[in-house]
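For the numbers below, each heavy atom of this structure counts, side chains included, while hydrogens, waters and symmetry mates do not. A, B, ... follow the sequence lines: proteins, then strands. Residue 1 opens every chain.
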Amino acid sequence: MNMENLIPIPILCAHYEVEMSFFTNLNEMGLLEIKTIETSQYIDSDAVHEIEKMVHMHQELDVNIEGIDIVFNLLQKIDMLQNELTALKNRLRLYES
Amino acid sequence: MAFIDYYKILEVDKKATEAEIKKAYRKLARKYHPDLNPNDKEAERKFKEINEANEVLSHAENRKKYDDYGENWQHAEEFEKSKQQRQYQGNGQQGGFGGGGFSGGGDFSDFFESMFGGRTSSGGGRRSAQFKGQDFNAELHLELKDVYTTHKRTLTINGKNIRINIPAGIENGQQIKISGMGGEGSGGGPKGDLYITFTVANHTKFKRDKNNLYATVDLDLYTALLGGEITADTFDGKVKLTVKPGTQNGTKVKLKGKGFPVYKKEGEFGDLYLTYQIQIPINLSEKEKELFTELATLRNS
């Protein structure tokens with residue numbers, strides 16, 4: 001197993017000053033994937049960007065785990081709509097002189 | 001440098017209590033937080049504004065200084081000196097507005113910097129230090145002909161030269177992520193990423209819809225009527241076309257594989273659609289008029 005891209009959860013807990021339960025709850029909610037190797041738990045480093053957003057929402061805006069789930073669903077929808085808007089704007093160029 | 005009305009920014013009254021200010025700040029922070037408004041520069045600007053307003057109004061000393069001098073802030077230092085001289089108390093409390101050591105801060109208006117010097121406290125917002133390095137965003141402006149072929153380009157991002165491969169067929173508004181090219185992480189965290197958004201301008205006669213190209217081709221009346229061969233431009237060259245007799249204005253022809261390259265699929269191209277635009281002769285000579293009249297009579301008889 002390639003450990004290079006894995007970050008031990010306790011390191012993240014210490015860094016962000018959050019409880020381990022924060023990560024296990026996010027995992028249960030399907031918002032992140034915890035990898036267990038032997039007895040240690042890790043997170044893929046690619047997921048750190050999203051995790052950081054979740055931590056900010058939780059700590060700075062007092063959003064609970066359920067709220068984070070809702071926000072992420074809506075952000076995904078916004079992203080999809082923005083991509084669709086860009087594609088439509090590009091198509092519109094066809095009809096503009 | 002203009003005076004900034006922090007009360008107006010937080011949408012509170014000048015007599016607002018500490019709790020009211022905190023509530024207003026939190027409400028606006030939820031609205032404009034950058035994590036909730038990705039790629040929204042206006043929201044980013046507003047978030048900075050409300051943070052700055054909160055920094056001043058949620059901090060009793062800052063608020064007092066701001067309230068005392070208000071629009072006369074430029075003379076604050078002079079007032080301060082004369083007040084100290086008058087009172088001669090020398091209790092050393094005036095030094096509190098020095099630079100603050102807050103990790104994510106520093107991006108304040110000139111007005112704030114001149115009055116308070118820098119961030120003065122952690123204020124109402126708790127901002128946890130970043131583990132992963134900061135992501136960088138860059139915008140790259142290209143011409144349509146630039147993205148017809150895969151090529152390499154050197155970009156200067158934050159003083160560092162980065163050579164990137166730009167695959168043919170990139171779309172206007174498309175964003176690509178280059179992992180690990182962002183800021184340094186902290187506490188052993190991974191580096192941030194670099195996001196490049198492409199703006200592709202089109203100054204050619206071809207219109208693009210994803211991988212397909214569209215263009216109009218002028219066709220003289222006689223070729224349209226009698227048929228013949230013409231040469232038309234493609235994006236990267238020319239092509240010979242056979243025009244059928246009796247070709248109508250607006251007829252479309254599809255040239256398979258003569259369109260735009262398909263993104264990340266080397267050797268695959270879209271199609272080129274040409275629309276014939278028949279040119280009606282103008283400024284007819286007497287002889288031409290005579291002949292066209294004859295043709296018209298023939299048609300109508």
Should the heavy atoms of other residues, nucleotides or ligands under 6.0 Å from [atom1] of [X] be counted, would the total exceed 12?
X	atom1	value
A/Arg91	CZ	no
B/Glu171	CD	yes
A/Glu19	CD	no
B/Lys177	NZ	yes
B/Lys258	NZ	no
B/Glu18	CD	no

Checklist entry - Which heavy-atom pair separates B/Ala201 from A/Arg93 by the least distance, and what is that distance? => result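 Minimum heavy-atom separation between B/Ala201 and A/Arg93: CA-NH2, 4.2 Å.
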Checklist entry - Minimum heavy-atom separation for A/His15 to B/Ser186, with atom names? => result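 The answer is CE1-OG, 3.4 Å.
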Gap separating the [atom1] atom of [X] from the [atom2] atom of [Y], nearest 0.5 angstrom:
X	Y	atom1	atom2	answer
B/Gln175	A/Gln82	CD	CD	10.0 Å
B/Asp35	A/His49	CG	NE2	7.5 Å
A/Met57	B/Leu36	CE	CG	4.5 Å
A/Asp46	B/Asp193	CG	CG	8.0 Å

Checklist entry - Where the side chain of B/Arg26 meets the backbone of A/Glu60, is there a donor-acceptor pair that is under 3.5 Å apart? => result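 Side chain of B/Arg26 to backbone of A/Glu60, a donor-acceptor pair under 3.5 Å: yes, one is there.
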Next on the checklist: So does A/Asn90 get a backbone contact from the side chain of B/Asn172, meaning a donor-acceptor N/O pair under 3.5 Å?
Outcome noted: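 Pair absent, no side-chain N/O of B/Asn172 close to backbone of A/Asn90.
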Checklist entry - chain A heavy atoms under 4.5 Å from B/Asp135: which part of the residue, side chain, backbone, both or neither? => result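 Interface part for B/Asp135: side chain.
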Item to check | A/Ile78 versus chain B, the contacting section by heavy-atom distance below 4.5 Å | outcome: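 A/Ile78 has no heavy atom closer than 4.5 Å to chain B.
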Item to check | A/Ile11, part contacting chain B, at a heavy-atom distance under 4.5 Å | outcome: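 Only the side chain of A/Ile11 comes within 4.5 Å of chain B.
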Next on the checklist: For a side chain to side chain contact (heavy atoms under 4.5 Å, CB included) check, start with the C-alpha distance between A/Ile7 and B/Phe131, then their side-chain angles and the critical distance, and finish with the verdict.
Outcome noted: CA-CA 11 Å; A/Ile7 299 167; B/Phe131 183 61; 3.8 Å; yes
Checklist entry - Who among A/Leu75, A/Asn83, A/Val18 has the most heavy-atom pairs with chain B under 4.5 Å? => result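 That would be A/Leu75.
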